[in-house]
Protein chains: 2
Amino acid sequence: MKRKRTSKRKTTVTIHDVARAAGTSPSTVSRVLTGSANVSAAKREAVLEAIQAVGYAPNLLARGLKTQLTYSLGLILNDIQSPFFSAAAKGAQDCAMQRGYAILLCDTGEEPAAQKRCLEMLRAKQVDGVIFAPTTGAAMILDSFLQAGTHFVQIDRQVEGLPISSVVVNDDQASYEAVHHLIANGYRRIAILTSELSVTTHDRRLGGFKRALSEAGLALPDSFVLRGRTSSSDGYRLAHKALSYSRRPDALFVTSSRLGVGALRAIRDARLRVRDDIGIVIFDDIPAFALMHPSITAVRQPAYEIGWKAAEIIIESLESEEPPPPQQVVLPAELVIRESSVPRR
Amino acid sequence: MKRKRTSKRKTTVTIHDVARAAGTSPSTVSRVLTGSANVSAAKREAVLEAIQAVGYAPNLLARGLKTQLTYSLGLILNDIQSPFFSAAAKGAQDCAMQRGYAILLCDTGEEPAAQKRCLEMLRAKQVDGVIFAPTTGAAMILDSFLQAGTHFVQIDRQVEGLPISSVVVNDDQASYEAVHHLIANGYRRIAILTSELSVTTHDRRLGGFKRALSEAGLALPDSFVLRGRTSSSDGYRLAHKALSYSRRPDALFVTSSRLGVGALRAIRDARLRVRDDIGIVIFDDIPAFALMHPSITAVRQPAYEIGWKAAEIIIESLESEEPPPPQQVVLPAELVIRESSVPRR
DNA sequence: CTGTTAGCGCCTTCAT
DNA sequence: ATGAAGGCGCTAACAG
């Protein structure tokens with residue numbers, strides 16, 4: 001962790017150098033930089049030229065130290081490789097960039113310990129705000145940060161009962177509709193593949209699933225609720241198990257695309273035909289689902305918009321005089337009906 | 001862009017507070033924090049306790065201003081949503097995190113202007129180094145940064161002729177092998193779908209393609225080299241065009257997964273059968289390719305390793321006394337043979 | 001081993 | 001409109 005300074009810093013050019021080159025004082029240079037006060041057109045010109053001449057670039061560390069504002073936002077995700085989170089990251093990045101903020105990226109891999117380390121690091125870096133998808137154990141860590149006045153907004157998941165803004169989708173309702181759609185298409189023995197993680201996302205999707213079933217008067221054997229971790233191999237394992245039941249399900253509702261990909265592989269390996277032997281709807285759409293034979297019905301989430309909106313909320317709250325009260329934004333997820341849930345004939 | 005300070009900062013606790021609580025001086029606190037010098041066990045204890053008691057968290061801005069070291073790395077990508085880049089991002093993030101560095105994420109969307117803005121922002125933030133996938137126009141912008149002593153490493157693409165480290169795959173050879181494989185499986189009229197962007201990646205893939213063809217004594221009509229942008233709709237358009245030729249190709253080599261996804265859709269819409277009517281190999285593998293019917297042969301890139309290695313190179317060079325000379329790392333991409341390139345019969 | 005001193009680069013009163 | 005002075009929080013000599 002130790003490191004020596006190399007000769008790198010000889011080239012450090014500061015507002016002093018600019019001032020000297022422009023024949024004025026550092027304060028004046030600072031004023032044209034921030035635009036905070038009036039300076040005569042002549043001086044301003046001189047300064048601007050001097051900046052070019054000496055190749056000056058501002059040092060945001062120094063500025064931040066002085067102003068207590070860093071114009072950077074933390075972004076804590078569980079898996080940047082998932083299409084959902086990478087789209088959200090892009091949305092947040094684009095919005096932040098446009099408003100002059102930078103994004104510090106953290107990937108927790110769903111590890112509470114990593115989540116804690118990320119939060120601490122972000123605090124030490126003095127980020128102005130944090131966008132994050134909480135994983136288990138977030139609540140207790142968060143307290144101290146809220147007291148420190150850090151602005152937060154949660155995405156995808158929610159830690160309930162905390163006065164924090166959030167941007168999520170209508171997990172319950174969208175799941176309800178997806179399952180309702182399966183039922184309407186004649187499927188009766190529907191199993192759910194979901195995560196054992198206690199995050200709101202999966203809980204609510206399970207909730208919508210159950211609601212649709214009970215509303216239709218359909219039974220739900222305990223064995224039809226299959227829980228695992230979130231990798232695609234877990235999806236494989238879960239689906240494999242479900243398909244091995246003597247009375248196996250005739251349809252699957254899967255609460256994440258990763259699990260879904262694994263489940264599809266299991267179906268294939270079991271030599272079962274998607275749609276004819278087993279219907280399937282997956283929560284969270286990925287481009288590949290449209291390409292498959294048969295194509296896969298999925299619930300599309302506005303991931304990019306979620307990320308964008310989260311950044312927007314944070315920046316607004318940062319830049320307003322009175323920090324606005326926490327807001328809960330719920331964006332609609334959309335059922336994209338393809339072939340895997342619609343039997344022929 | 002203007003913003004008032006809120007009442008947030010009342011809670012700022014510094015090493016002074018710690019010092020007071022521990023009955024010692026700020027320097028001693030600093031010493032236990034950095035471990036730079038010996039302090040008596042008693043004092044150290046007192047300081048450690050005081051830190052807990054007053055809820056102190058270090059301010060890395062201030063430290064960085066003093067030490068000229070920020071322990072943060074810039075990461076400039078063209079599209080975080082692409083599986084390749086998001087895997088690379090994760091690799092870089094994991095390595096950086098492990099070594100105590102943070103990652104500042106920038107997404108250029110392949111825009112030279114955005115690339116420039118990102119670079120400037122990163123410089124202003126005083127990052128210790130930058131990992132980046134250059135897009136067109138990178139060369140000229142880079143110069144000034146190299147002089148400023150910023151450490152760089154390129155991934156995926158290369159700006160040639162600059163003394164910068166890079167981590168790439170063996171684009172030429174892997175492409176050669178992929179096309180050779182198509183030829184060995186009886187395909188003869190092979191077209192390539194690639195990008196019009198002049199980045200080394202696509203150029204080299206085209207190079208390997210041509211090499212395999214000429215070595216086999218196969219002709220390459222100009223119309224069989226199709227170039228577009230990089231979206232999947234471009235892939236669709238290009239493939240659609242190729243398939244409409246009176247003497248259409250019997251196989252496609254596609255130089256990116258995005259283009260490939262579009263091409264597959266075009267094949268499907270044209271009611272052609274992958275493999276039997278038209279063979280296909282795609283450079284850059286994504287999980288979905290394994291799931292399709294028939295499954296898609298692809299060139300798998302070690303994206304995570306590329307990101308990891310890039311971070312490692314930068315950190316090593318940062319932490320070594322003598323900055324080591326730039327190194328060019330070439331990781332092997334692997335041809336994953338599935339069904340789309342292997343005719344039955 | 002420990003406290004004091006002097007900045008890192010910048011912004012911001014305060015005088016002028 | 002402009003310059004001088006002080007300090008953001010921290011570390012690194014320098015003394016003792």
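Only this structure's heavy atoms are used, side chains among them; waters, hydrogens and symmetry mates stay out. In what follows, chains are A, B, ... by sequence order, proteins preceding strands, each numbered from 1.
In this model, the phosphate group of dG6(D) is not approached by any side-chain N or O of K66(A) to a distance below 4.0 Å at OP1 or OP2. In this structure, N59(B) does not reach the dC10(D) phosphate: none of its side-chain N or O atoms is under 4.0 Å from OP1 or OP2. Dashed line: the shortest gap from a side-chain N or O of Q68(A) to OP1 or OP2 of dG9(D) is under 4.0 Å.
Note: CG (L60(B)) to P (dT11(D)) measures 9 Å, nearest angstrom. Going from atom CZ of R44(B) over to atom C1' of dC1(C) covers 12 Å, rounded to whole Å. Atom CG in L69(B) sits about 14 Å away from atom C1' in dC10(D), given to the nearest Å. As a whole-Å value, the separation of H16(B) NE2 from dG9(D) P is 9 Å. Remark: P of dC11(C) and CZ of R63(A) are 4 Å apart, rounded to the nearest angstrom. What separates CD of Q126(B) from C1' of dG9(C) is a distance of 9 Å, to the nearest Å. For R123(A) and dG9(D), the CZ to P distance is 14 Å, given to the nearest whole Å. Look at CG on L61(B): it is 15 Å from P on dC8(D), rounded to the nearest Å.
Comparing R31(B) and L65(B) against DNA chain D, the residue whose closest nucleotide sits nearer the 5' end is L65(B).
Within 4.0 Å of S40(A), counting heavy atoms only, lie sugar-phosphate atoms of the nucleic acid but no base atom.
The line from CG of L105(B) to CE of M97(A) is 9.5 Å long, rounded to the nearest 0.5 Å.
Q328(B) and S166(B) form a side-chain donor-acceptor contact under 3.5 Å, judged by distance and modelled atom types alone. Looking at T135(B) and E110(B), their side chains do bring a donor and an acceptor atom within 3.5 Å of each other.
In this structure a side-chain-to-backbone donor-acceptor pair under 3.5 Å is present from D128(B) to Y71(B).
Closest to the T67(A) side chain, of the nucleotides dG9(C), dC11(C), dG3(D), is dC11(C). Closest contact between the side chain of T14(B) and the listed nucleotides dC10(C), dC10(D), dT2(D) involves dC10(D).
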- Message: Could you go through E316(B) and R99(B), starting from their C-alpha distance and side-chain angles, then the distance that decides it, and tell me whether this counts as salt bridge (Lys or Arg N to Asp or Glu O under 4.0 Å)?
- Response: CA-CA 10 Å; E316(B) 308 269 87; R99(B) 316 271 299 239; 3.1 Å; yes
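For residues 20-28 of chain B, proximity to DNA chain C is found at T24(B), S25(B), S27(B), T28(B), defined as any non-hydrogen atom under 4.0 angstrom from a strand atom.
Contact check on K309(B) versus E312(B) returns a salt bridge, with a Lys/Arg side-chain nitrogen under 4.0 Å from an Asp/Glu carboxylate oxygen.
Evaluation of the ring pair (Phe, Tyr, Trp, His ring centres under 6.0 Å) test over residues 118-139 of chain B, restricted to residues two or more places apart or in two chains, returns F132(B)-F152(B).
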